[in-house]
Chemist: 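The structure follows.
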Amino acid sequence: MNILRKKSAANVPFSETVIETLIRLCGVSSIIFVFGIFFFVFREGAGFLFGGLDLGQFLTSPEWYPTSLSNKRYGTLALILGTFSVTALAMCIAVPFGLGAAIFVSEFCSPKLRETFKVIIELLAAIPSVVWGFIGLTLMNQLIIAVFKAPIGLTMLNGGIMLALMSVPIIVSIAEDALKAVPDSYREAAEALGATRWQVVYRVLLPAAKNGLLAAVLLGAARSIGETMAVLMATGHSVNIPLGPLSWIRTLTATIAAELGEVARGDEHYQVLFIIGILLFTITFVVNLIADLVIKGIRQE
Amino acid sequence: MRKNGLTDYTLICILVVWVFSFAIIGCSPKDGESVASQNTAQVIIKNKGSDTMVNLAQAWAEKYTGITSTASVEVSGGGSGTGVAALINGTVDIANCSRQIKPKELELATQNTGKAPQEFIVGYDALAVYVHHDTPIDKITIPQLAEIYGEDGKITKWSDLGIAHGNCPSNRIIRISRQSNSGTYFYFREALLGKTRDFELGSLDLHGSKDVVEVIGRTPCAIGYSGMGYATSHVKMLEVATAPDAPYYPPNLENVLAKTYPIARPLYMYSLGEPTGEVKAYLNWILSAEGQKIVEKLGFVPLASH
C-alpha cells in the first residue's frame, strides 16, 4: 500500500479512488453515528438533568420510585451497584475460563480439535440473549434453588453465570487472536532455552500478548455491562442493594428496557430513563479510557 | 489484491449493489402511517396494548378473522402504556388498556390526532393473589397484603401471618410484583395502599402476567399477583377479604360480577374518535354475546349483561 501511495495521483486508477472514498465514508459514518446517538440521548434527558433532577439523590439514593403518586424518588444507587456487581461476578467466572480456553485452543490442542472448538465457541456466541434469559429464568433458577438452598434462584449469581456464558466466546476469540499474533520466534527461542510448554505460556506468551488479552477482558466486560435481556430475566429485577451472590438485583440497562416501553414521552420518568442512558455512556467511556491508559502504560514500560 | 482473486471490479460491484440496496429500501412505500388502510379488499385493524389482555385480544382476533372476510386483526402486546402511546401517535386503531386512560394521555391523543379516544369496557379482570401450591395458606386480607407489599410494611416472614411454611426454610416472604408502570401494578397498588403509600422496594418486578405465575410456581416462598386467567396447577389462588372480620371471597366469575371480590377491575379498549366501519363492527362483535363468550373462556369475567 505504501508503494501505491507514493505514485502520483494521475497513475491511480479511477476505481481505486472510488473505493478509497467509500471506505473513508464508512469510517466517518461510525463516528457520526456515535455522536448522533449521544446527541439524541442527551437531548431527551437534558431538560430534566439541568432543571429539577437532584443529582446527589440520583447517584447516592437507593430509592427508585419513578411512578409514586405522592413522592417520586429517582435514586439509582441500587441499580448502579447491581450493574457493577453482576458484571464483576460474571468476569470472575468468565476471565479464567475464557483465557484458559484461549490458551488451550491456541497452544495446546491439535489443529483438528482446534477447528471443532472454534465452531462450537462461535455457536455459543450466536445464541440470542433472550434465550440465555429464558435458561436463567427456568433451568438455572431451579438449579440454584436446589444447590444453594436459596429461596429463589433469580439472583445475581444466576445473572452472572448467564453473562459469563455470553462473554466467554468474545474473550476466547479475541484472546486467541492475541496469542496467535505473538511471533513464533518467541516460542522457538524459549523452547531452545529449555523452557517447558507451560513456562513458554506463562513467561513468554502471556507477557507478550498482554495488551490483546486485556482488550479481550475489557470487551467481555463491556458486553456484560451493556447486556439487557438476559439480566432482566435472570437477576430477579429487584431494586436491592446487593449483599452477596444470592441477593436479587436490578441493573441500569434492565430498568431502561422494562420501563421505557410504558412511559409517556416527555414525562419526567421518561427523561430520567434517558439520564440513566447518559450514565451508562459515561461508565462505558470511563472503562474505555482506563483501558486505553492501562495499555499505554504497559507500552511505555 | 489480485492474488486473493478479488478484482477491483468485483469490489466496485459489491459496493454499488450495497449503495443501491439502501436506495431501494428508501423508495419502498411507507406503510406505517395509514391506519386501517383501505387500499386492499381486506381491512387490517391494528390492536395493541395491555399485557394482561394480549391473550384475550389474540383469541378475539383469531375468532373474528374466521367469521369475517372483510377484516383481519393484528394484535401486539407491550403493556397498557405502550398501547396508549401508539394511540397517541395514531399508529393503532384500538388500544387495549388494563387501567383507565390518564387525563394527560387523553389530552395528548386529542392534540396529536385531532380525535378524542373513546372508551369501551370489554370485560373484567380479577387480580388473583397467588402463592406456590405447597403453601399452607388459603386466605388473606387486604390489610395483610398492604403490610406485605407496602413501604415499611410489618409482615416480612411467613410466620408473621401465623404460618409454619415447611417448604420455605428461610421463612422470608418473597414478593413478586410487576414493573412499576404496568397497568396491573398501578391497579394493585391503589387497591392495597390508596394513592399515598408506595410499595416497599426489593420485590421481584417481573415483566408480564405469565412470568409472575411461572416464577411463583417454581418458588415455594413467593407471593404475587396476576390476572386470574393465568392460574396453573403449580400455584394456588387465595381467598381475599377487605378486613379481618369481613367474609373471604375466592376470585371467580360470580364474585367479580357481584362485586364482592375486592381486587377486580374493568378492562378497556380505546378507539380513536367514534369508531366507524370495520373497527366499529369489530368492537360491536367483542361486546356481543359471542365475543363475551371468549372473555369467559380465557378466565376473565364477561360483562354483566351476558
Chemist: Could you tell me which residues in residues 201-218 of chain B have at least one non-hydrogen atom under 4.5 Å from a non-hydrogen atom of chain A, sorted by residue number?
Modeler: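 Answer by number: B:L201, B:G202, B:S203, B:L204, B:D205, B:L206, B:H207, B:D211, B:E214, B:V215, B:R218.
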
Chemist: Any salt bridge between B:R178 and A:E259, counting N to O under 4.0 Å?
Modeler: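 Salt bridge absent between B:R178 and A:E259.
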
Chemist: Identify the residues of residues 80-89 of chain B whose heavy atoms come closer than 4.5 Å to a heavy atom of chain A, ordered by number, or report 'none'.
Modeler: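 The residues closer than 4.5 Å to chain A, in numerical order, are B:S80, B:G81, B:T82.
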
Chemist: Heavy atoms only, distances under 4.5 angstrom: which of B:L108, B:I174, B:I176, B:N167 has the most pairs with chain A? Name it, please.
Modeler: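 Option with the top pair count is B:I174.
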
Chemist: Give, for atom OG1 of A:T67 and atom OH of B:Y185, the distance between the pair rounded to the nearest 0.5 Å.
Modeler: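 Between A:T67 OG1 and B:Y185 OH, I get 4.5 Å after rounding to 0.5 Å.
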
Chemist: Enter the distance from B:R172:CZ to A:I152:CD1 here, rounded to the nearest 0.5 Å.
Modeler: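 Those atoms lie 10.5 Å apart.
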
Chemist: Output the option from B:E105, B:Q179, B:E151 having the highest count of non-hydrogen pairs under 4.5 Å with chain A.
Modeler: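 Looking at each option in turn, the highest pair count goes to B:E151.
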
Chemist: Please flag which part of A:T138 lies under 4.5 Å from any non-hydrogen atom of chain B: side chain, backbone, both or neither.
Modeler: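 Contact with chain B is through both the backbone and side chain of A:T138.
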
Chemist: So for A:P66, is it side chain, backbone, both, or neither that comes closer than 4.5 Å to the heavy atoms of chain B?
Modeler: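 Only the side chain of A:P66 comes within 4.5 Å of chain B.
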
Chemist: Top residue by heavy-atom pair count (under 4.5 Å) with chain A, among B:S182, B:A222, B:S177?
Modeler: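 Looking at each option in turn, the highest pair count goes to B:S182.
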
Chemist: Find the distance between CG (A:L69) and CZ (B:R197) and round it off to the nearest 0.5 Å.
Modeler: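 So the CG of A:L69 and the CZ of B:R197 are separated by 14.0 Å.
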
Chemist: Tell me whether B:T196 contacts the main-chain N or O of A:S70 through its side chain, where contact means a donor paired with an acceptor under 3.5 Å.
Modeler: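 Pair absent, no side-chain N/O of B:T196 close to backbone of A:S70.
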
Chemist: Stepwise, does the salt bridge (Lys or Arg N to Asp or Glu O under 4.0 Å) test hold for A:E268 with B:K104?
Modeler: CA-CA 13 Å; A:E268 255 182 30; B:K104 196 184 166 195; over 6 Å; no

